[in-house]
Amino acid sequence: MDGHDDIEALARRAAAGDASALNSLLQAIQSDVMRRCSRFLPFQQDAEEACQDTLLKVAQNITRFEGRSKFTTWLYTVTANCSRQTYRSLKRRAAEQMSELPAENPDPRRTSVVAGSRVDLLEALDKLEGQRADLVEPMVLRDIVQMDYNEIAGQLGIPLGTVKSRIHDARVFVREQLTDSSV
C-alpha cells in the first residue's frame, strides 16, 4: 500500500467517525495542502492561512465525504475553494485598510496586504465567476489543482467534452483579463 492508498483509507475511516484516523489524515495531508495553497497564494503567510482553513474545513466536513470520488479529489476542491476565499478575505481587509489611510502619502507597507498573492489571476477568476460561474471550477481544478480532465468530469458530474469546452472558454476569458490588466 502506497501513501496515496493510505490517505484514502484514513479518509474512509475518518469519515466513519474514527477520531484517531482524522488526526493521522490531517497530519498526512498538511504538506500537500500547503503546497497547493501556495499555488494560489505564493506569499507564505497567506498560503498558511488558506492551509489552516482547509484543514479545519476537512476536519469539520469529513463526515460528508461519501467516497463516491477519491478523497484527494474532494480535498483538492476544498483546498481551491479555501484558497480563493482567503484571497477574497485579504482583498477585503486591504480595501478596509486603504479606506483608513489618509489620501496623501499612503504607507506602502500597509497597502500591500495581498502583495504576495496572484492578484491578477484571482481578480480574473472573480470576474469570470460573476459572468460564468460554471467555468471557474473546471479551470481551477485543471490549471491550478492540476487534475486530469477525466477526474474533473467525474468530480463535477459532467461529460468530458463539456469539461474541455468550459476550460477552454475560461482560459480565453482569463487570458483576455490578464492581457487587459498588463496594458
Say whether Met34 and Leu10 are linked into one hydrophobic cluster, either directly or through other cluster members, by side-chain heavy-atom distances under 4.5 angstrom.
-> no
If we only count heavy atoms from C-beta on, is the Glu129 to Arg84 side-chain gap below 4.5 Å?
-> yes
Should Tyr87 and Asp46 count as side-chain neighbours, where that means a heavy-atom distance under 4.5 Å?
-> no
Using a 4.5 Å cut-off on heavy atoms from C-beta on, say whether the side chain of Asn81 contacts that of Thr77.
-> yes
Verify same cluster id: Met139, Leu160 (apolar side-chain graph, 4.5 Å) = yes
Arg64-Asn61 side chain donor-acceptor pair, cut-off 3.5 Å = yes
Name every donor-acceptor pair, under 3.5 Å, that has one atom in a side chain of residues 162-174 and the other anywhere in the protein, sequence neighbours excluded.
| residue | atom | partner | partner atom | Å |
| --- | --- | --- | --- | --- |
| Arg171 | NE | Asp143 | OD1 | 3.4 |
| Arg171 | NE | Asp143 | OD2 | 2.9 |
| Arg171 | NH2 | Asp143 | OD1 | 2.5 |

Electrostatic pair Asp32:Arg36 at N-O distance under 4.0 angstrom = yes
Exam field: side chain Gln52 to backbone Glu49, donor-acceptor pair closer than 3.5 Å | no
Locate the shortest heavy-atom distance separating Ala21 from Ala14; write the atom from each residue and the value.
-> CB-N, 3.8 Å
Heavy atoms of Arg142 and Met147 approach each other most closely as NH1-O, 2.9 Å
Is there side-chain contact between Ile62 and Leu25, with at least one heavy-atom pair below 4.5 Å?
-> yes
Polar side-chain atom of Gln30 near backbone of Leu55 as donor-acceptor pair, under 3.5 Å | no
May I ask you to test the Phe40-Thr86 pair for a side-chain heavy-atom distance under 4.5 Å?
-> no
Any ring pair (Phe, Tyr, Trp, His ring centres under 6.0 Å) pairs touching residues 45-72, not counting sequence neighbours?
-> Phe65-Phe71, Phe65-Trp74, Phe71-Trp74
Looking only at heavy atoms, which two atoms of Ser38 and Ala47 are closest? And how far apart?
-> OG-CB, 3.6 Å
Would you indicate whether Gln45, at its atom CD, is surrounded by more than 12 heavy atoms from other residues, nucleotides or ligands within a distance under 6.0 Å?
-> no
